[in-house]
Amino acid sequence: MPARYSIFPDWKLLVVEIEGQVVDADFFNLRECIYANPGYAATELRLYDVRGLESLSFSAFTIWKLAYEGLMRPGARRAIVTAQQLPVELRSALQLMRMIQSQSTFVTTDIKAARAWLGLPTQTDFGAEEAA
């Protein structure tokens, strides 16, 4: 799973970009790396770019963990940018997130809409770039 993340302290922003095939171990390894970063604790905004995701093979437990990630302090929000066509498992996880956290989770196929919803400038210097 090619995955990258960046933390932008001035914006209290975590950006995660994921491509390729993802399994449970990939998710938990990335999560561990992010949590170990000292800058993570100060983040309140999350931007997940999963437009390059090809397949997802998660257990029900991992989908549950993914849905509950981001139950953070009041005012914290996350935006998820997806491709038009989604793997079935990701679609299930996103539906669960919408049911649990509709006020704090925004799902879109438009990176600019995601940035705007998070209150960020629509410029492209946050790591999750416009699709060519």
Side-chain angles (χ1 to χ4, degrees):
M1 166 185 82
R4 298 172 294 287
Y5 80 92
S6 300
I7 293 176
F8 299 88
D10 292 346
W11 292 96
K12 297 183 178 181
L13 173 67
L14 166 70
V15 175
V16 177
E17 297 172 275
I18 299 174
E19 300 172 338
Q21 300 175 349
V22 180
V23 298
D24 291 76
D26 297 327
F27 169 73
F28 286 107
N29 289 338
L30 177 63
R31 188 173 167 262
E32 185 177 316
C33 290
I34 291 170
Y35 286 1
N37 186 311
Y40 171 75
T43 64
E44 295 178 354
L45 304 176
R46 315 273 196 274
L47 177 59
Y48 298 95
D49 184 350
V50 297
R51 291 176 291 178
L53 183 66
E54 295 170 9
S55 68
L56 184 67
S57 178
F58 278 1
S59 67
F61 173 74
T62 303
I63 290 176
W64 177 84
K65 286 293 286 179
L66 179 64
Y68 275 95
E69 288 287 305
L71 283 178
M72 305 163 285
R73 56 192 158 274
R77 293 177 292 155
R78 67 178 163 191
I80 303 165
V81 184
T82 69
Q84 294 289 336
Q85 298 295 318
L86 301 176
V88 174
E89 298 83 357
L90 179 59
R91 191 168 42 245
S92 298
L94 294 176
Q95 288 171 344
L96 183 58
M97 283 181 208
R98 286 185 192 130
M99 290 186 325
I100 295 169
Q101 304 172 7
S102 62
Q103 299 295 315
S104 63
T105 300
F106 178 66
V107 180
T108 183
T109 58
D110 182 348
I111 192 79
K112 287 184 180 180
R115 290 186 186 128
W117 188 82
L118 290 170
L120 301 169
T122 57
Q123 64 204 39
T124 59
D125 63 351
F126 290 114
E129 298 300 326
E130 295 289 333

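At distances below 3.5 Å, not a single donor-acceptor pair connects side-chain atoms of N29 with backbone N or O atoms of D26. Of the possible donor and acceptor atoms, one in the side chain of R77 sits under 3.5 Å from a partner among the backbone N and O of L118.
Between A114 and A79 the shortest heavy-atom distance is CB-CB, 3.7 Å. Across all their heavy atoms, W11 and P121 have their closest contact at CH2-CD, 3.4 Å.
Looking at L14, V15, L120 one by one, the single match for side-chain contact (heavy atoms from CB on, under 4.5 Å) with L45 turns out to be L120.
Contact check on K112 versus D110 returns no salt bridge, with no Lys/Arg side-chain nitrogen under 4.0 Å from an Asp/Glu carboxylate oxygen.
The CD1 atom of I80 sits 11.0 Å away from atom CG of D49, with the distance rounded to the nearest 0.5 Å. For the atom pair Y48 OH and L53 CG, the distance stands at 14.0 Å (nearest 0.5 Å). Atom CD1 of I18 is separated from atom CZ of R51 by 13.0 Å, given to the nearest 0.5 angstrom. Annotation: the span from R78 atom CZ to R46 atom CZ amounts to 9.0 Å, rounded to 0.5 Å.
Between Y35 and Y40, the ring planes lie tilted relative to each other; the angle falls in the 30° to 60° range.
The shortest distance between side-chain heavy atoms of L47 and I111 falls below 4.5 Å.
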